[in-house]
Amino acid sequence: MSDSTRKTFLITGVSSGFGRAFARAALDAGHLVFGTVRNEQAAAEFRSLDTARARAVQLDVTDFSAIRPCIDKLVQDNKPIDVLVNNAGYGHEGILEESPLEEIQRQFDVNVFGAVAMIKAVLPEMRQRRSGHIINVTSMGGFVTMPGVAYYCGSKFALEGISEALAKEVKDLGVKVTSMAPGSFRTDWAGRSMTRTDRTIADYDALFDPIRRAREEKSGNQLGDPAKAAQALLRIVEAPNPPVHLLLGSDAVQLVKNKLAALQEELQQWEALSLSTDFSA
Ligand code: NAP
């Protein structure tokens, strides 16, 4: 790959799952990849993927004041960042009434505020160069919901909204923004990474226990292949007009289609009431 086609990627959370798969695919395609990790062992593992083009840096995305210096250090002797992939994130699972407020604060700190802090650190330079692509990994849970993931879905709906609005702000400034919303993929998301709030209220047993059990049983056997998601990522990075939203996985496509149809139906059913609230001319 020539210097002019080689891009510099910054991917958060490259220790496993999507982040690792995205980094691997970008390295295989000849790009330079900066990856964030949270401990020295993960850093060493990441560097070993490609001693010349895989650079690891330790960063917890909720350590907002550490982000700017970390990026400055990374780009010091290198080309500026062409592609930011806000991938770092985790799922909180728990019935809303049972789950402490601290859990939603932590969920938003990582999945929303961490991503926004990363964007604010790379955007000025992208805007000045009139070039760059920001990719936010959201979720089908940013479009559809189910009981027991209110905090997680809230965070992913928030990141979807932020992404979409940002795309409109920077579209004439040469910066592209895409939110990538995966369905269920085979990563550590529902395994070691998930935070599960303990059950305390029996009224929710019938609704939620089967959902929790099913998610635990399915972990490791999800339909989605992270390596194929990584090929999709490379494709949108090369696209002259990438989408603002991209779903990944057959489950995501079907569930979001169902949601849109149900929304349309409800909108029509209550349209007269919705229209009744304007001032009369
Ligand atoms: P994963 O294998 O658990 O990877 C999550 C990555 O995020 C890890 O590298 C983890 O680092 C990192 N991370 C977590 N909290 C962080 C923090 N505060 N600061 C920095 N890094 C942090 O799960 P994954 O599925 O690949 O998750 C990646 C993204 O995909 C997440 O945003 C997730 O919500 C989203 N997603 C996943 C699915 C799915 O089915 N897998 C579906 C839709 C969306 P450590 O190793 O240090 O914990």
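Each ligand, and each atom within it, is numbered from 1 in the order the structure gives. Note that the structure is predicted; figures quoted are calculated from it, not measured.
- Of the listed residues (Gly89, Ala88, Gly13, Gly249), the one carrying the non-hydrogen atom nearest atom 5 (C) of ligand 1 is Gly89.
- Salt bridge Asp72/Arg68: present, at least one basic N to carboxylate O contact under 4.0 Å.
- Under the side chain to side chain contact (heavy atoms under 4.5 Å, CB included) test applied with Ile162, the options Asn136, Val112, Thr138 reduce to a single match, Val112.
- Residue Phe18 has at least one N or O atom closer than 3.5 Å to an N or O atom of ligand 1.
- With a heavy-atom cut-off of 4.0 Å, Asp188 touches ligand 1 through backbone and side chain alike.
- Neither the backbone nor the side chain of Asn111 comes within 4.0 Å of ligand 1, counting heavy atoms alone.
- Side-chain heavy-atom separations under 4.5 angstrom define the hydrophobic clusters, and the remaining members of the one that includes Val237 are Phe9, Ile11, Val14, Phe18, Phe22, Leu27, Val33, Val37, Phe46, Leu49, Val83, Val85, Ile135, Val137, Met180, Phe185, Leu233, Leu234, Ile236, Leu246, Leu248.
- Using a 4.0 Å cut-off between a side-chain N of Lys or Arg and a carboxylate O of Asp or Glu, Arg213 and Glu217 do not qualify as a salt bridge.
- Proximity of Asp82 to Arg129: side-chain heavy atoms (C-beta onward) are separated by under 4.5 Å at one or more points.
- Some N or O of Arg192 is nearer than 3.5 Å to an N or O of ligand 1, by distance alone.
- By the 4.0 Å N-to-carboxylate-O rule, Asp50 lies close enough to Arg53 to be salt-bridged with it.
- Among Ala42, Ser184, Gly183, Gly17, the residue whose heavy atom lies nearest to atom 42 (C) of ligand 1 is Gly183.
- Looking at atom 25 (O) of ligand 1, its nearest protein heavy atom turns out to be Thr187 OG1, 2.6 Å.
- The side-chain heavy atoms of Leu166 and Leu123, taken from C-beta on, include a pair separated by under 4.5 Å.
- Atom 29 (C) of ligand 1 has Asn87 O, 3.0 Å as its closest protein atom, hydrogens excluded (heavy atom only).
- The protein heavy atom nearest to atom 3 (O) of ligand 1 is Ser193 OG, 2.4 Å.
- No salt bridge links Arg196 with Glu103; every basic N to acidic carboxylate O contact stays at or beyond 4.0 Å.
- Across Val61, Thr36, Ile11, heavy-atom proximity to atom 19 (N) of ligand 1 is greatest for Val61.
- Between Phe143 and His245, the two ring planes are perpendicular [angle over 60°; tilted spans 30° to 60°].
- Among protein heavy atoms, the minimum distance from atom 34 (O) of ligand 1 is reached at Tyr152 OH, 2.7 Å.
- Ile81 is listed as a side-chain neighbour of Met126, based on a closest heavy-atom distance under 4.5 Å.
- With respect to atom 4 (O) of ligand 1, the closest heavy atom belonging to the protein is Ser16 OG, 3.4 Å.
- Ligand 1 does not have Asp109 within reach: every non-hydrogen atom of the residue lies 4.0 Å or more from it.
- Of all protein heavy atoms, the one lying nearest to atom 18 (N) of ligand 1 is Asp60 OD1, 3.0 Å.
- By the criterion of a heavy-atom distance under 4.0 Å, the backbone of Thr138, and not its side chain, is placed next to ligand 1.
- Salt bridge Arg199/Asp209: present, at least one basic N to carboxylate O contact under 4.0 Å.
- The shell of residues lying under 4.0 angstrom from ligand 1, judged by heavy atoms, includes Val137.
- For ligand 1, the polar-atom distance check against Phe185 finds a nitrogen or oxygen pair separated by under 3.5 Å.
- Here the heavy atom of the protein found nearest to atom 46 (O) of ligand 1 is Ser15 OG, 2.5 Å.
- Scanning Lys156, Arg38, Gln222 for the heavy atom closest to atom 47 (O) of ligand 1 points to Arg38.
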